[in-house]
Every structure is written in C-alpha cells, then in structure tokens.
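Just below is one structure, and these are the notes that go with it.
Protein chains get the first letters and strands the later ones, always in sequence-line order, with residue 1 at the start of each. What you see is a predicted model, and the numbers here were worked out from it, not measured in a lab.
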Amino acid sequence: MAAASSSSSAAMFFGVREEGQNQLQMNQEQHSLATPTSSTPPTSASQTSKKKRNLPGTPSKLQIVCFSHYSVNFFDPDAVVIALSPKTLMATNRFICEVCNKGFQREQNLQLHRRGHNLPWKLRQKTTKEVKRKVYLCPEPSCVHHDPSRALGDLTGVKKHYSRKHGEKKWKCDKCSKRYAVQSDWKAHSKTCGTREYRCDCGTLFSRRDSFITHRAFCDALAQESARHPTNVNTIGSPLYGNSNIGIGLSQVGSHLSSLQDHRPHSSASDILRLGGASRSTLPQFDHHLLPSSSISSSLRPQQPIQSSAFYIPEANQDYHDVPNKQLHGLMHLPDLQSNPTPPSAANLFNLSFFSNSNANNSAINAHSNADNENSSSSLLFSSQFTNGSVMSESLFSTSIQQESMVPPQMSATALLQKAVQLGSTTSNNNNGGAAASASLLRGFGSTSSCNPKSANHSFGGFLGENENNLQDLMNSLACGNSSIFTTFGGNNEQGTDYGGFNIKRTGFDEGHKQQQIATAGVGGSDRLTRDFLGVGEIVRSMSGGFSQRDRQQSGLDPMSSLDSEDNSAPRF
Amino acid sequence: MAGLIQEENSSSITSPPVHFFHMMSLSPGLGSPYPWLRELKSEERGLYLIRLLLACANHVAACSVENANISLEHISHLASPEGDAMQRIAAYFTEALAHRMLKGWSGLYRALNSTKISSSSERIMAQRLFFELCPFLKLSYVITNQAIMEAMEGEKVVHIIDLFSFEPAQWINLMQLLSTRPEGPPHLIITGIHEQKEVLDQMAARLTEEAENLDIPFQFNPIVSKLENLNVGSLRVRMGEALAISSVLQLHSLLAADDDMLRRNSPSSSMNSSSTPLSRILPVNPRTLGEFLKKDFAILPSPSSDSASPSSPFSLAQSPKMGSFLNALWGLSPKLMVVTEQESDHNASSLMDRVVEALKFYAALFDCLESTVTQAHTERQKVEKMLFGEEIKNIIACEGPERKERHEKLEKWILRLELAGFGRVPLSYNGMLQAKRLLSYGYDGYNIKDENGCLFICWQDCPLFSVSAWRFRRYE
C-alpha cells in the first residue's frame with residue numbers, strides 16, 4: 001500500500017506537470033511554503049505549477065506543491081511535503097476512466113483498469129532509486145498540521161484528520177447523539193457506545209472521560225442552579241397557560257395529521273373521515289380551554305405548523321361557535337394541500353367536505369363546478385377557500401403555506417430582515433415593465449390571501465380566466481417547499497411584496513382602478529434610485545404610496561399619509 | 001369581528017375590500033382590531049413590522065411625537081410579546097422607542113416608573129437562564145478557560161479576576177481542568193466582582209465546595225461593587241501570582257459616558273468635570289499611569305488625551321472611564337485577559353444606526369433562542385423580556401451615562417486594548433476544538449469562527465459574540 005500510494009502520488013505529481021495549465025491552483029499559504037531550496041528536477045515542476053493559475057471557476061482536480069529538499073521533517077529531512085486542496089483530499093475517486101466513467105482512488109488502479117478497455121496504459125515501475133518519503137499537510141490553514149514541520153505521515157491519516165477536525169460530522173450515534181466525521185470512527189463508537197460510558201445525571205452519555213468532564217462542569221452547575229430556582233420550570237406554565245390536556249389534544253391531532261400527510265389521494269378520503277371523528281373527540285377541550293385563545297394560541301404558535309393549524313381553529317371557534325365543521329375542515333384540507341394533487345382527489349376531498357359541511361354555501365358549489373373544469377391546483381385552492389368559513393379559509397391557507405415551506409415553520413427574524421434588505425435593494429432596480437403582469441399576479445395574491453370568501457369569489461373569474469398559469473406557478477412555488485409565496489411575487493413584481501397586507505385590501509376594487517393604481521405605483525418606482533440600507537426609504541415610500549392612493553379615494557387613513565409626509569426624511573441609513 | 005360576521009351575511013360582492021378600507025380609516029384610537037392585520041401571514045407581517053418599526057424609529061429620531069404615536073399604534077396591532085420572533089422583537093423595540101419618547105416628559109416618565117421595583121434579582125435570573133439556554137456564555141467560558149489553562153501552564157499560584165462573577169460553572173470547569181494538570185493543580189485565587197452580595201456568597205460557597213472535592217487549594221475574594229465603581233487598587237494582586245482577567249460581556253458598560261458633557265467640555269476642564277469615582281480612584285497607581293502618559297503620547301485613550309480630541313480619528317475612547325479602567329488593569333500586569341463582547345455596533349450616536357444594528361443583532365438572538373428553546377416557553381420569554389428587552393431599551397431609550405449597553409465590534413476593541421498597552425494573544429486551536437465539542441452536545445445552528453486568533457461565536461453565519469485574549473505588554 002505504501003508503495004502503491006507513493007508511486008501513485010508520484011504519478012499525480014507528474015500529472016500535475018502535464019495538466020498544469022488547467023489543474024493547478026495554488027493558494028497563498030502554499031505559496032508561502034514554496035520556498036524550494038533544492039535544485040533537483042521536481043522543483044522545476046513546482047515552479048511551473050506556481051506560475052500557472054487557474055481561471056476562477058474551472059474545477060481543479062489537483063493542487064500539489066512539491067518540494068524535494070524542503071527540510072521540514074526532523075526524522076526525514078528529505079521527505080516531500082505535499083499539500084492537497086480539501087477537495088482533492090476528500091475526493092474519493094479522482095481518477096476517472098474515460099470509457100466507462102468508473103472512478104478510482106489511485107492512478108495505478110485506473111491504469112490497470114484501462115488495460116481492460118484495451119486503452120494505452122502505463123504502469124509505473126518501482127524505481128530503483130530510493131523512494132522519497134512523503135508527508136502531507138492538512139489543508140486547513142488554522143490547523144497545526146498545516147505547518148510543514150508537523151505534517152502527517154500518510155495520506156489516509158491526513159484524510160481522516162481533516163474530516164475529523166475540520167469536516168462535517170455526518171455520522172450520528174443513535175444512542176448518544178454523538179457525531180462523527182469518519183464512518184469508521186462512528187462504527188467503532190457504535191460498538192462500544194453504551195457498554196463502557198460515563199453517564200451524566202442529565203442523561204447524556206459519554207464514551208470518553210474528557211468529554212464527560214467538560215460536560216459535567218456545566219451540567220453539574222446547571223442542575224444545581226435549576227434546583228435553586230425551581231420557578232424556572234414549567235410549573236408556571238401550566239396554571240398560566242391553561243390545561244396541559246390542551247397540549248395533549250393538539251399533539252394527538254397533530255399526529256393524526258402527520259400520519260395523513262403520507263397518504264395518497266385515493267386513500268385519504270376515508271382517513272379524513274376518521275380524522276374528523278378523532279378531531280371531534282378532541283374538540284370539547286378546545287371549547288373549554290381554548291376559548292380565551294389569544295395567549296394560548298400564541299404560546300403554541302412557535303411550534304410546528306401542524307399545531308399552528310390547530311391554533312387557528314379555536315380562533316375560528318371563537319368567532320363562529322361552529323366548532324365541529326370548522327374543525328373538520330381545518331383538518332381535512334391539510335392532506336390535500338400536502339399531497340400531490342390530482343383532479344380526482346381534489347374532487348373527492350371537495351365532495352367530502354361539501355357534504356359534511358352544513359355550512360357549505362353557494363360559492364362552494366360554484367367552486368366545485370369550477371373545480372371540475374379547471375386544473376387541479378386551482379380547484380384545490382378554491383375548494384379550500386370556499387368550503388371553509390371566511391376566517392378559516394385564510395388561516396388554513398396560510399397554514400398550508402407554512403406546511404409547505406416547512407422546516408422553519410415561520411420565517412426567522414433574521415431571514416425577514418435579510419428579505420427586507422433584499423426588497424430594499426431590488427425595488428431600487430425597479431422597472432415598469434411588469435406592471436400589467438404584476439397587476440394580475442397581485443390580484444391572484446390578493447384573492448388567495450383574502451380572508452373573505454366573497455372577495456375571492458369576485459376575483460375568481462378573472463383569476464382563473466387570465467391567470468391560470470400564474471396560479472399554477474404560485475402553487476408550484478408552494479409545493480416546491482421554499483418559503484416562497486414572496487419570492488414568486490418578488491420575482492415578478494416587488495410591489496406585491498412591498499405592499500404585503502395592503503394588496504389584500506385592494507383586491508376588491510374594480511378592475512380599472514386596480515390597474516391604474518398598480519401602474520402608477522409601478523411608475524412611481526422608477527424614481528427609486530437611492531439604494532438605501534434596509535430599504536427604509538423604499539419602505540416608507542412604498543407604504544405611503546400605497547396608502548396615499550387609497551387616501552385619495554377614501555380620504556381616510558390619516559396615519560399612513562402622515563408616513564407619506566415623512567417620506568423624504570426616511571432614508572437615514 | 002362584528003364587521004366580519006356582518007360581512008358574511010351580506011350578499012354584496014364587491015364590498016369587502018371597501019369595507020376594510022372603512023375599517024382602516026377608523027380612528028386608530030378606537031382600538032379597532034384591524035382584522036386584516038391579524039390575518040397576515042407570519043412572513044408578511046414580519047416584513048410589514050420591520051417597515052413600521054423603522055418608520056417609527058425615524059419619527060422618534062426626528063422627535064415627531066404625533067407621527068411616532070401613530071406608528072406605534074399601528075405596530076401595536078401586529079406586535080406581541082408572545083407571537084412569532086418578529087412580533088416579539090417588535091414588541092420590545094416599540095417599548096424601547098416609547099420609553100425614549102416619554103423621557104422627553106421627565107415628569108410623566110418618572111411618574112410612570114415611580115413604583116417600579118428594581119428587578120436586579122430578576123435580571124440575574126434572566127442571565128442565568130440565558131446561560132443555561134444558549135450556548136454563548138458556556139462557549140465563552142470554555143474558550144476563556146482553555147486560554148487560561150494554556151497561559152498558566154506550570155504556574156504555582158493562579159489568580160483570576162472575574163469582572164462579572166455570577167456563574168460558578170465557569171470556574172468549576174476551570175478547577176476540573178486544573179486538577180488534571182500533569183504538574184498538579186496550582187493554588188487558585190478567584191476575585192469575583194458583582195454588585196450583589198448574595199450572588200457572590202453563592203459563588204463562594206459553590207466554588208469552595210468544588211475546590212474541596214477536587215482538592216485544590218482555593219481562595220475566593222468577593223468584591224461587592226459595580227464594575228464602573230470598582231476600585232482596581234482594591235484588587236490585591238500579590239507578587240508571584242500569575243494573573244488572569246476574565247471579562248464576559250462587561251467592558252462595554254464602561255464606555256458609558258456623558259456624551260453631552262464630553263462634547264461641551266473644553267479639553268482642559270474635562271479631567272475635573274468627568275471625574276467619576278473610578279477616575280478618582282485610578283491614580284491609585286499613579287506611577288504606571290503617569291509613566292504611561294509620558295511615554296505614550298497623545299493617542300492613548302487616557303482621560304485627558306481622550307477628551308482633548310473628541311474628534312480623533314478613532315472616535316474610540318470617548319469614555320474616560322474605559323481608558324482609565326483599562327490602564328488600571330494594565331497596571332496589574334495580567335498574564336492573560338480574555339474579553340468576550342457582543343459583536344455588534346450599538347454605540348453609534350445616531351439613534352437610527354443603533355436601531356438598525358440592534359434590530360439585526362437581536363433578530364439573530366431571538367432566532368437562536370427560539371430554535372434552541374423549544375420547550376420551556378416561559379423561560380424563553382423571561383430571557384427575552386428581562387435580558388434582551390432591557391438591553392434593547394437601554395440601547396434605544398437611554399443616552400449619556402445611562403446608556404450602558406454600548407456594544408462595539410471586535411475591531412474597535414482591538415484598537416482600544418492595543419492602545420491601552422495590551423498585546424494580543426492568539427486563542428489556540430484547542431480552544432476552538434473545545435468550543436466545537438461543546439456545540440456538538442446538541443446545539444444546532446451555532447458556529448465558531450477563527451479570525452486571526454480571535455474567535456467569533458456565530459448563530460448560523462452571523463457573528464454574535466467575539467472572544468479575544470490579551471496580555472500585559474511592557475513598553476520598552
């Protein structure tokens with residue numbers, strides 16, 4: 001193995017010289033190392049390699065610096081120090097056969113393989129000259145082994161060192177959650193984990209004494225401190241935030257829901273029925289405990305989206321005292337928004353909700369008939385909108401968005417700030433081109449997020465007639481799972497994002513007005529050349545823009561027009 | 001709500017949006033719930049809140065009370081201390097902005113706060129929770145301890161000055177490390193500074209107990225004092241003691257200064273007028289300071305040179321307190337000083353700058369708190385209200401000597417500490433490894449970054465705290 005690796009790296013080395021033009025890329029550290037002190041042939045190669053630089057973006061396969069007589073190693077001053085880039089180091093099969101694309105870790109093996117293809121091959125004979133020992137540097141500049149004097153002796157060693165110390169820990173022990181970067185470490189640990197370990201009172205397991213000690217310093221203190229301050233614990237939580245049953249009830253619902261998420265459309269109908277029953281059984285709890293819902297519900301909100309959907313339900317209850325049906329629907333529509341919608345499933349779902357919902361109104365029927373004609377995503381969307389009570393439809397829809405965009409159930413504050421910054425800068429590049437398209441998009445957006453079924457109904461015709469594609473895009477973007485109703489709109493028209501909530505209000509205006517408004521707003525954008533930080537000026541201006549439009553029509557809303565007046569003072573940063 | 005129900009019964013098709021306009025145009029004073037605002041999705045609402053907050057801050061900065069009031073009214077319909085992260089942030093920011101406005105009417109302000117119970121114990125509890133819930137302090141401790149271990153290798157007597165002594169865990173951890181030293185544990189002296197005697201008593205008891213367990217000769221000197229009133233001369237550091245200073249999120253408070261006064265004062269009078277307890281105390285070490293001033297020219301952030309050039313290139317040390325404090329510490333010739341500070345710029349003179357910076361910083365903090373604390377909701381809220389909320393309030397609502405939360409970025413600290421005569425000690429790779437190991441115990445999303453031997457503790461990619469190590473550097 002030693003022979004193989006040494007000869008292969010020699011081959012690598014020569015490979016470098018041959019392909020130096022497109023393969024070599026040296027970073028500064030390597031340069032600084034490159035103070036060749038000898039006159040033996042390889043240095044010339046290292047010098048060529050120094051001169052040739054990669055164009056940015058071209059993939060570099062090899063990054064090698066070689067010094068033949070660089071006295072670094074105490075034991076073997078003649079050892080060759082090799083610095084590999086992280087990529088090269090971690091590449092598993094760098095040597096690719098051009099015929100069958102099979103990859104090999106070693107040049108020699110590729111050459112052997114090439115023989116099988118009857119391709120020209122060249123195996124390097126073990127030279128009669130003494131083979132220079134090779135030592136390897138860790139590519140991480142901050143690492144002690146980046147220093148040639150502490151180079152590591154073999155390639156596999158460096159690889160493991162690099163992944164252990166500087167790499168991602170991909171392997172996680174199921175028992176103790178300890179993570180490992182090298183699979184073999186993980187395997188070794190898995191064998192012993194739980195057999196010979198240090199267990200902290202807090203339940204964490206350690207297989208190594210030193211980690212255990214580090215942990216205990218804090219954990220110990222932690223236990224002491226929390227014993228001293230027992231008030232911290234959830235004891236406060238329950239009396240304040242009501243019955244713990246609530247939590248249980250919700251999590252039950254949640255688990256039902258999550259089990260539903262996996263169902264295919266056809267089987268989902270029956271499940272939904274069952275779910276309806278299940279949810280009904282939990283309802284009394286909502287009734288009793290959740291009615292003063294504001295505090296409780298928000299306490300639940302940061303949790304998973306499923307719970308947040310449950311959260312919206314009590315709010316609806318509060319408003320309408322129409323618990324069972326709302327509940328049922330709230331639950332019912334999750335699966336269809338989750339699963340890949342196909343027309344039959346949408347229809348099924350719709351029927352189901354229709355028949356079981358005593359509340360179903362005419363618009364629901366309309367939507368239903370439309371749903372048959374239109375493509376599935378739109379019917380889906382509308383069924384969810386119409387079959388539910390007005391507040392419900394909104395909350396449901398937003399829930400579904402949260403579901404789709406998943407992982408962080410709501411956008412983090414940091415992300416929101418970044419978005420605000422982005423919006424600030426994108427709006428400054430605003431052009432008027434997309435005004436018409438954006439108008440229609442806005443309408444679509446408005447109706448989907450409108451909380452009133454009738455306003456949705458109003459825009460329904462135009463919506464489907466003109467903007468089916470947009471809608472589909474919208475749905476796609478939702479299904480894609482990125483958080484992005486906003487991105488979609490942002491891409492087409494920043495106005496949509498800029499106004500956010502205000503668009504909703506605009507939806508119901510008659511077409512002419514709307515177009516006009518948006519067009520004006522769009523044109524207004526052309527003077528936005530200031531690129532201010534966080535887009536404050538932008539924000540204020542767009543806000544005031546939106547409102548002043550309305551202002552003129554409604555002559556209400558003094559507060560916002562006062563923002564308008566601040567317009568110029570706004571961009572302070 | 002009444003409006004909505006009515007809406008449901010109405011058969012009009014086009015009216016709903018118009019109806020909303022009516023609702024919007026209602027006078028905000030009626031406390032109408034603006035149902036549409038309630039129904040905004042989290043993301044929309046967040047973006048909207050950011051907008052409103054900045055607009056509101058603009059009004060406050062411009063002292064336009066009417067407009068600010070209207071903005072606050074709007075925000076109040078969206079923000080909530082119990083909502084999503086942005087709603088909560090907005091709640092604390094509006095509170096801070098409102099405080100700032102109210103301070104204009106000192107009578108009102110005082111009356112409103114006249115019965116307020118000073119909640120230092122609550123704050124301590126919030127700090128403890130912050131320590132427990134977030135890894136930041138633990139990381140800072142681990143890194144500090146590692147640096148101490150390395151600097152104190154072979155030392156027989158180790159003296160540590162803890163500028164904010166509230167958490168025994170750091171020193172328990174150090175004791176455990178020291179007890180495993182190959183050369184045996186040193187004699188350990190810890191001088192703990194805190195304004196609450198009880199806290200120090202707890203510390204003493206806990207640490208003594210642990211030292212006995214580990215069989216380390218140990219001594220704890222409690223010093224009950226606020227940092228700004230600290231008499232550095234009272235810190236008895238004897239010959240032969242290897243001194244380490246640990247400052248975790250403390251130094252910035254010494255930047256607090258009467259900005260107006262500094263601006264007003266002529267260079268000559270500044271020394272007298274700004275004589276705080278500390279600067280009175282400082283000449284305790286007159287020789288060092290004197291020598292220092294003689295040798296080291298005008299650029300030193302000493303009280304006199306400092307206010308003499310308020311418009312100096314680095315508007316670094318507007319604070320005489322800071323300069324003299326650092327000089328005094330320098331006079332103790334510490335072998336090591338580890339400084340952890342918030343990596344953020346909350347010391348700008350313009351309110352808007354501070355609001356924006358604070359928004360960025362606390363957004364990240366709220367996020368990581370939320371992602372780390374999934375269970376104990378009330379605990380999170382306590383940290384948010386009593387720690388973050390108070391800091392935000394201080395950054396935004398206070399000015400002059402009252403404004404203590406003057407977080408500054410590491411680059412400024414480096415300049416300042418170097419000017420004060422400290423030399424930088426690169427933190428070792430080991431410190432980083434220890435920190436990363438701590439993070440591997442179930443802290444996701446956090447990160448440690450090394451930059452020229454200083455470490456940044458990051459949430460995702462955003463550096464939130466910096467840790468740097470220093471040592472006494474002799475002037476030759």
What are the two closest non-hydrogen atoms of B:Ile89 and A:Ala413, and how far apart are they? CD1-CB, 3.5 Å
Taking the six-membered ring for Trp and the single ring otherwise, decide whether the centroids of B:Tyr429 and A:His166 are under 6.0 Å apart. yes
Any chance you could lay out the side chain to side chain donor-acceptor pair (under 3.5 Å) test for B:Asp450 and A:Ser142, step after step, and finish with the verdict? CA-CA 8 Å; B:Asp450 182 318; A:Ser142 61; 5.3 Å; no
Could you state the interatomic distance from CG (B:Leu359) to OG1 (A:Thr414), rounded to the nearest 0.5 Å? 10.0 Å
Heavy-atom side-chain contact between A:Leu417 and B:Lys360 under 4.5 Å: yes
Cut-off 4.5 Å, heavy atoms of chain B, and the answer for A:Lys169 is neither
For A:Ser412 and B:Asp367 the tightest heavy-atom approach is CB-OD2, 3.2 Å
Straight-line distance of B:Leu47 CG to A:Gln422 CD, nearest 0.5 Å: 10.0 Å
Straight-line distance of A:Lys165 NZ to B:Lys436 NZ, nearest 0.5 Å: 11.0 Å
Atom SG of B:Cys462 and atom CD of A:Gln418: how far apart are they, to the nearest 0.5 Å? 8.5 Å
